[in-house]
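Sequence positions, counted from 1, serve as the residue numbers for this chain.
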Amino acid sequence: MTENPVDEPRVIATAAALDFLAEIQQDYPDILFHQSGGCCDGSSPMCYPASEYRVGETDVKLGEIGGVPFYISGSQYEVWKHTQLIIDVVPGRGGMFSLDNGRERRFLTRSRLFGSGEPACGIPAVPRP
């Protein structure tokens with residue numbers, strides 16, 4: 001198992017997630033993602049206005065999805081460093097402070113081990129509203 005082959009980005013998004021992200025950007029053009037550590041809103045990708053979220057000095061920028069920076073805490077990174085995060089969207093309510101809240105859909109993180117070619121957490125088809 002390799003930690004991160006050069007040709008595989010650390011974070012990617014499904015087409016549905018990119019469409020949802022574009023919808024949110026109509027209201028909030030300058031945003032960022034932070035992978036939650038599992039406190040109040042569980043372990044989910046949280047989306048914030050960039051001006052209202054302070055990135056911590058131990059946070060790691062995994063990359064960008066749809067031109068939006070995606071961060072994870074250093075401790076979470078140590079756990080997830082062998083996986084590629086796949087940001088998807090599913091029906092439901094977003095995190096309390098996340099910009100996907102109240103839109104009847106929410107972002108969800110799936111993952112797969114680098115170099116495996118297979119999802120570690122499968123990506124089922126999700127009906128679009």
* May I have the step-by-step check of side-chain contact (heavy atoms from CB on, under 4.5 Å) for I87 and F70, ending in yes or no? => CA-CA 10 Å; I87 307 309; F70 194 100; 3.6 Å; yes
* I24 and F107: CA distance, side-chain angles, deciding distance, side-chain contact (heavy atoms from CB on, under 4.5 Å) verdict -> CA-CA 11 Å; I24 291 171; F107 291 108; 3.6 Å; yes
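Distance check: L108 CG to L85 CG gives 11.0 Å after rounding to the nearest 0.5 Å. Taking CD from Q35 and OG from S44, the interatomic distance works out to 7.0 Å, rounded to the nearest 0.5 Å. To the nearest 0.5 Å, the span separating CZ on F114 from OG1 on T83 amounts to 6.5 Å. Atom CG of L21 sits about 5.0 Å away from atom CZ of F33, to the nearest 0.5 Å. Taking CD of Q25 as the start and SG of C47 as the end, the distance is 7.5 Å to the nearest 0.5 Å.
Under the 4.5 Å side-chain criterion, counting only non-hydrogen atoms from C-beta, V90 is in contact with R106. Side-chain contact between R110 and T14 is absent, with no heavy atoms from C-beta onward closer than 4.5 Å. By the 4.5 Å heavy-atom criterion applied to side chains, D19 and V89 are not counted as neighbours.
Taking the ring centroids of Y53 and Y71, they lie at or beyond the 6.0 Å cut-off.
Annotation: salt bridge (Lys or Arg N to Asp or Glu O under 4.0 Å) contacts involving residues 49-63, sequence neighbours excluded, comprise K61-E64.
Closest of all the heavy-atom pairs between P45 and T109 is CD-OG1, 3.2 Å.
When the side-chain contact (heavy atoms from CB on, under 4.5 Å) test is applied to I12, the partners found at least two apart in sequence or on another chain are P9, Q84, I86.
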